[in-house]
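These notes concern the structure reproduced below.
Numbered from 1 within each chain, the chains take letters A, B, ... in sequence-line order. Just so we're clear, the structure is a prediction, and the values are computed from it rather than from any experiment.
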Amino acid sequence: MHSISKRSEDIMQKNLVIVESPAKAKTIEKFLGKDYKVMSSYGHIRDLKTKEFSIDIEHNYTPQYVIPADKKKLVAELKTEAKSASQVWLASDEDREGEAISWHLYEVLGLKPQNTKRIVFHEITKNAILHAIETPRDINIDLVNAQQARRVLDRIVGFELSPILWRKVKPALSAGRVQSVAVRLIVEREREINDFVSEAAFRVIANFILPDGTTILKAELNKRLKDREEVKAFLESCKSTSFSIDDITTKPVKKSPAPPFTTSTLQQEAARKLGYSVSQTMMIAQRLYESGLITYMRTDSVNLSDLALGTTKEAIFDTYGEKYYKFRQYHTKSKGAQEAHEAIRPTYISNEDISGTAQEKKLYELIRKRTIACQMADAELERTTISIGIGDKKEKFVAVGEVIAFDGFLQVYRESSDDEGEKEQENGLLPPVSLHESLVLKDMVATERFTQRPPRYTEASLVRRLEELGIGRPSTYAPTIQTILNREYVVKGDKEGTQRSYCVISLFDNKIKEVDKVETVGADRNKLMPTDIGTVVNDFLMEYFPSVLDYNFTASVEKEFDAVADGELDWTKAIDKFYKMFHPIVESTSAVRTEHKVGERELGIDPKSGKPVFVKIGRYGPVVQIGQARTDDKDAPKPQFATLMKGQSIETITLEEALKLFDLPRKIGEYEGAEVVAAVGRFGPFIRFKGKFVSIPKNLNPLTITMDESIELIEAKRSKDEQRFMKKFDEEPDLEILNGRYGPYIAYKGSNYRIPKSVEHPEELTLEECQKIIAEAADKPATTKRRTAKKKS
DNA sequence: CAGTGAGCGAGCTTCCGCTTGACTT
């Protein structure tokens, strides 16, 4: 009996379904039952070679596809399963990438038209999948070709531009349709900030006493005053004038909830509300997805499935009542109709609490609240504006108050905004007043305020901008940021503010007082700022390849690809048109023999040697150079170099600052009979003493550090090093127990071994116990050695 | 890991979008 059912299973299992993601495969397999085996392709299974151009320009841009090494095993497995299946269902996503994945599978697995079907579904429910199986179609080669065009164009741009940068700027740099625009945004924003001139004006706020003698009404003048004279004249005139309520208006205001999350809005809100980086958010979301708690996290769709709409409605009815519910359908704005997925939402909205890390819980809660709120009623507010007349002057004081009449979705979720700086005034409830009532002035304060410079980008606000421009995809936002950071085009960091004085003029007790105060402005935390390399590369690309750096470049090639996808245009023709424009510029740019390097700037003449001083991007970053290298005189001395320090820029450094750098390495003095020298190296400023290196912290400068400060650093490093050694064995000098960044470990012959958590007192381990740990670790592949070796190569 | 760098030389670096591991000195 058992063997019969087993055999019937083998025979019945004749359907192979291939999807993109393994988590999806698991879910679908449950719906389809035993007749279907569901496997995952893990994204693309074939691509252009990674190290070669792989496009045959001469033969109509034929791409040369290969199966990457890490996909060989998977492809072999898929092939075996496909062979034994009588029907193969290609169920990758319904967008161009998904269609291309199906096509590659078809080609690579050697599938036959008669037993291959292409299906798509928009939500992972049993009904949707069964419906998909009933309505299969063929692979849409037009969509595939649109993807190939996109792939080939990106390869051409990336692999033709990058080598130019290696020659003209610095090795191992890169350029591309997406990353280069991301850098451009950041470089241009920094220039706007540098060029920004703030304008000052006085904001006047008054406190009035109502006729009851106690209640205070705070109001702001409806106009800003331009200078001290005007303020003083105004305050003076207020000494002997009357104030009365001129007008009271109340009007209803409605607020609507934000649409459900897409990748980019989730990244923005998680950054604002939870402080997560873009990649952190994606990693946490990935875990939630794999645990079956949320829908797919890489999406640009705001669509919700009928099932989700229904269960969300139920949840709102149950928890908040019917009047808090409002049916809303959101539509994805971006054309391209690549709605392969849903918005990001909980798989089961009734699931309020989840198990997981604190981070996972917080992100889940955020997603759940946003999903619920998006199906809730508008909030209804009442905005009251009280206008206060000043004698017979034209100006008025205005007080604005807001009262929530019905909270609606606000009960659950309120979207944050990026606006920093002056906090939005909390418009609370205003005291009751009546028209024409006269008021007594308590005090009046005019504060000098300045217009704000544009804000630097955060990771999340950069993603938002890229999405607005239609550049990049949900799956690439986080990696793109990583790339421009890795290339050192931009850094994520803090900027100290500058001190600015401002003036406060007040009227109190019929006396006018003027006070000057100081505030810190322009300080920034965790913002994206361009480096010299980023700026130089951007300026170079903007000069020679403005079309590729154009904010509309992606949008305009995307239009061509749309025509390909609609079957109206041959994809190779679209590429040919681009290539014939682009490649000649590549050729001519490569041929240009620039006398000096890109971005080089002459600062002046070195008074000591009489030689010219330059700043430029060297092989390892920004440097100052004294003297020309290329001279006819073979015996001429070589130029001298010095690395720029952190915070210095080749755009702004002065001749004096540049020459100062040649004071390094600098002998500070002697300590314990040995020289103490300060210098700057690959890893920043350091002190050298007795052959050892001690890093100089940020608050000190190698040019100015004193002997006392140096000794302090040396001693601090000494005691830290001593703590590092926990135990040594006389009989085995190669073996040491050390205390490292990640806790205690055993160092033995160049390799490190983790001490099991079960060991409570590592310093009490015996030599035998240590050797046992090493022997056990040796059974597993030695990771440490391999890692360091890899890094070096 | 640490004062690199103007050039005979060998070979390397690089794109964007799909998707998860296997790493955790």
Side-chain angles (χ1 to χ4, degrees), chain A residues 19-24 40-48 50-54 70-71 74 92-93 95-98 100-101 104 147 150-166 170-180 286 290 296 298 340 471-477 479-480 483 487 554 597 616-621 623 625 627-631 638-643 664-666 677-688 691-695 738 740-747 751-754 781 783-784 786-788 791-793:
Chain A
V19 296
E20 287 181 41
S21 125
K24 206 168 171 179
S40 161
S41 72
Y42 292 80
H44 276 290
I45 51 139
R46 202 163 68 152
D47 192 11
L48 301 174
T50 53
K51 303 215 180 276
E52 288 168 38
F53 191 60
S54 290
D70 58 339
K71 285 287 172 75
L74 170 74
S92 48
D93 295 345
D95 55 15
R96 290 173 196 172
E97 293 298 328
I101 288 171
H104 282 301
Q147 190 274 348
R150 198 278 306 153
R151 181 70 190 90
V152 165
L153 177 116
D154 283 336
R155 172 54 65 93
I156 292 173
V157 171
F159 275 45
E160 294 213 343
L161 284 187
S162 300
I164 301 180
L165 297 179
W166 305 342
K170 189 170 120 62
L173 292 179
S174 65
R177 176 177 58 82
V178 174
Q179 59 169 289
S180 295
Q286 173 92 30
E290 282 168 11
Y296 198 60
R298 290 188 277 265
I471 299 171
R473 304 283 312 139
S475 67
T476 61
Y477 295 137
T480 299
T483 300
R487 301 279 173 274
T554 292
K597 265 196 121 168
K616 63 176 192 182
I617 302 292
R619 183 153 10 144
Y620 304 103
V623 287
Q625 176 185 327
Q628 292 279 18
R630 202 190 293 274
T631 59
K638 284 191 173 182
Q640 278 183 281
F641 294 94
T643 311
L664 295 174
R666 167 177 154 256
V677 176
V680 178
R682 169 85 181 81
F683 305 101
F686 66 91
I687 295 168
R688 198 180 53 206
K692 294 224 172 192
F693 296 90
V694 185
S695 293
L738 300 173
R741 218 163 15 129
Y742 306 94
Y745 65 98
I746 298 169
S751 285
N752 298 329
Y753 303 88
R754 200 198 305 178
T783 54
T784 314
R786 214 185 279 165
R787 273 183 81 84
T788 47
K791 261 181 196 165
K792 269 183 185 161
S793 71

Suppose you measure atom C1' in B:dG7 against the same atom in B:dG11; what distance do you get, rounded to whole Å? 16 Å
How about A:S475 and A:R298: does a side-chain donor come under 3.5 Å of a side-chain acceptor? no
Using a cut-off of 4.0 Å on non-hydrogen atoms, how would the nucleic acid contact of A:Q286 be classed: base, sugar-phosphate, or nothing? sugar-phosphate
Options B:dC18, B:dC16, B:dT20, nucleotide nearest the side-chain atoms of A:R473: B:dC18
Do the side-chain N or O atoms of A:R619 get closer than 4.0 angstrom to the phosphate oxygens (OP1, OP2) of B:dG7? no
Which part of the nucleic acid, if any, lies within contact of A:A100, taking any heavy atom under 4.0 Å across all strands shown: a base, the sugar-phosphate backbone alone, or nothing? nothing
Using whole Å, report how far CZ of A:R155 lies from C1' of B:dG17. 12 Å
Atom CZ of A:F693 and atom C1' of B:dC1 are separated, to the nearest Å, by 9 Å
Please state whether the phosphate of B:dT14, meaning OP1 or OP2, lies under 4.0 angstrom from any side-chain nitrogen or oxygen of A:K51. no
Expected output: side-chain A:Q625 to main-chain A:P639 donor-acceptor under 3.5 Å: no
Would you classify A:G98 as touching base, sugar-phosphate or nothing, given that sugar-phosphate means primed atoms plus P, OP1 and OP2, and contacts are heavy atoms under 4.0 Å? nothing
Inter-residue atom distance A:S54.OG - A:R155.CZ, 0.5 Å rounding: 5.5 Å
Spacing of A:D154 atom CG relative to B:dC18 atom C1', expressed in whole Å: 13 Å
For A:P474, answer base if it contacts any base atom (sugar-phosphate contacts may also be present), sugar-phosphate if it contacts only those atoms, and nothing otherwise; contact means non-hydrogen atoms under 4.0 Å. nothing
Check whether A:S92 reaches the backbone of A:V19 with its side chain - one donor and one acceptor, N or O, closer than 3.5 Å. no
Without decimals, in angstroms, what is the distance between A:L161 CG and B:dT13 P? 18 Å
Is any side-chain N or O of A:R177 closer than 4.0 Å to OP1 or OP2 of B:dG17? yes
For A:G691, report the nucleic acid contact type (base, sugar-phosphate, nothing); a contact means any heavy atom under 4.0 Å. nothing
Of the listed B:dC16, B:dA2, B:dT14, the closest approach to the A:D47 side chain comes from B:dC16
Shortest side-chain distance from A:T476, nucleotide among B:dG17, B:dT14, B:dT19: B:dG17
Would you say B:dT14 has OP1 or OP2 under 4.0 Å from some side-chain N or O of A:T50? no
Base, sugar-phosphate or nothing for A:S174? Non-hydrogen atoms, less than 4.0 Å. sugar-phosphate
Interatomic distance where CD1 belongs to A:I45 and P belongs to B:dC18 [whole Å]: 16 Å
May I ask you to say what A:S40 touches in the nucleic acid, namely base, sugar-phosphate or nothing, with a heavy-atom cut-off under 4.0 Å? nothing
Is the ring centre of A:F641 under 5.5 Å from the base ring centre of B:dT4, and are the two planes under 30° apart, so that they stack? no
Which is true for A:R666 with a 4.0 Å heavy-atom rule: it touches a base, it touches only sugar-phosphate, or it touches nothing? nothing
By nearest heavy atom, map A:L664 and A:Q179 onto DNA chain B; which one lands nearer the 5' end? A:L664
Contact class for A:G176 (heavy atom, under 4.0 Å): base, sugar-phosphate, or nothing? sugar-phosphate
Of all the nucleotides listed (B:dT14, B:dC18, B:dT13), which has the minimum atom distance to the side chain of A:P171? B:dT13
Base, sugar-phosphate, or nothing: which does A:Y477 touch, judged by heavy atoms less than 4.0 Å apart? nothing
Any donor-acceptor N/O pair under 3.5 Å between B:dC18 base and A:R298 side chain: no
Between CZ of A:R688 and C1' of B:dC1 the distance, given in whole Å, is 15 Å
How are the rings of A:F53 and A:F159 set to each other: parallel, tilted or perpendicular (split at 30° and 60°)? tilted
Hey, does the side chain of A:S162 reach the backbone of A:A175 with a donor-acceptor pair shorter than 3.5 angstrom? yes
Going through the distances and angles, do A:D47 and A:R151 end up as a side-chain contact (heavy atoms from CB on, under 4.5 Å)? CA-CA 9 Å; A:D47 192 11; A:R151 181 70 190 90; 2.9 Å; yes
Which nucleotide in B:dC16, B:dT20, B:dG5 has an atom nearest any side-chain atom of A:T643: B:dG5
Of the listed nucleotides (B:dG5, B:dC16, B:dC15), which one gets closest to any side-chain atom of A:V178? B:dC16
Here the distance between atom P of B:dC15 and atom CG of A:L153, to the nearest Å, is 15 Å
Would you please determine if the base of B:dT14 is stacked by A:F159, with stacking meaning a centroid separation under 5.5 angstrom and planes under 30 degrees? yes
Check every atom of B:dT13, B:dC18, B:dA6 against the side chain of A:K616 and return the nucleotide holding the closest atom. B:dA6
Check if the side chain of A:R151 and the base of B:dC15 share a donor-acceptor pair of N or O atoms closer than 3.5 Å. yes
Any donor-acceptor pair under 3.5 Å linking the side chain of A:T476 with the backbone of A:G472? no
Which nucleotide in the list B:dC18, B:dG5, B:dT14 gets nearest to the side chain of A:P163? B:dT14
A:Y620 atom OH is separated from B:dT13 atom P, nearest whole Å, by 17 Å
